[in-house]
Structure formats: C-alpha cells, structure tokens
Amino acid sequence: MKKLVLAAALTAAASTAFAGSMADPVVEPVVIEEEAGSSASGVWIPLLLLVIAAAAASAS
C-alpha cells in the first residue's frame, strides 16, 4: 500500500513539473508617451534668472 501511495505522489509531482510548454512568454512592449509641448517651454527659467539678475544689478 505504501508503494502505491508513493507511486501516486511521484506521478502527481512529475505531471505538475512538466505541465506547460517551452514556448517563450508573450510580453507586450511598454508604450511611453511624451507630452506635446512647445519648443519655448525650457526658455522661461533662464529668462526669469536674467530678469532677477538685471533687477539685482540695477538696485545696487
């Protein structure tokens, strides 16, 4: 009886170990969307610094 239970347990373990295929998994590519901004969006910070520097120079 013990051999029958052991054989059944080994059969169950072997069947679950080989369940599945060797095919590569299908992975969808990640889509990254960028915001559509104007080309002048990076100009505001240097212009602000220039205005602050001009105000500091005219104050002294």
Side-chain angles (χ1 to χ4, degrees):
M1 186 69 160
K2 289 182 183 178
K3 289 183 182 181
L4 182 62
V5 173
L6 181 62
L10 290 176
T11 303
S15 65
T16 56
F18 291 109
S21 65
M22 295 298 293
D24 292 332
V26 177
V27 179
E28 296 181 11
V30 177
V31 178
I32 300 174
E33 296 182 16
E34 293 184 15
E35 291 184 16
S38 66
S39 61
S41 63
V43 176
W44 291 108
I45 294 175
L47 285 177
L48 183 63
L49 292 175
L50 184 64
V51 168
I52 292 172
S58 65
S60 58

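What you are looking at is a predicted structure, and each value in this text was computed from that prediction instead of being measured.
- When each of Val51, Leu49, Val43, Ile45 is paired with Leu47, the side-chain contact (heavy atoms from CB on, under 4.5 Å) condition holds for Val43 and for no other.
- Membership of the apolar cluster around Ile32 extends to Val30, as traced through chained side-chain contacts below 4.5 Å between ILVMFWY residues.
- Ile52 belongs to a hydrophobic cluster with Leu48, counting contacts under 4.5 Å between side-chain heavy atoms of Ile, Leu, Val, Met, Phe, Trp and Tyr, direct or through other members.
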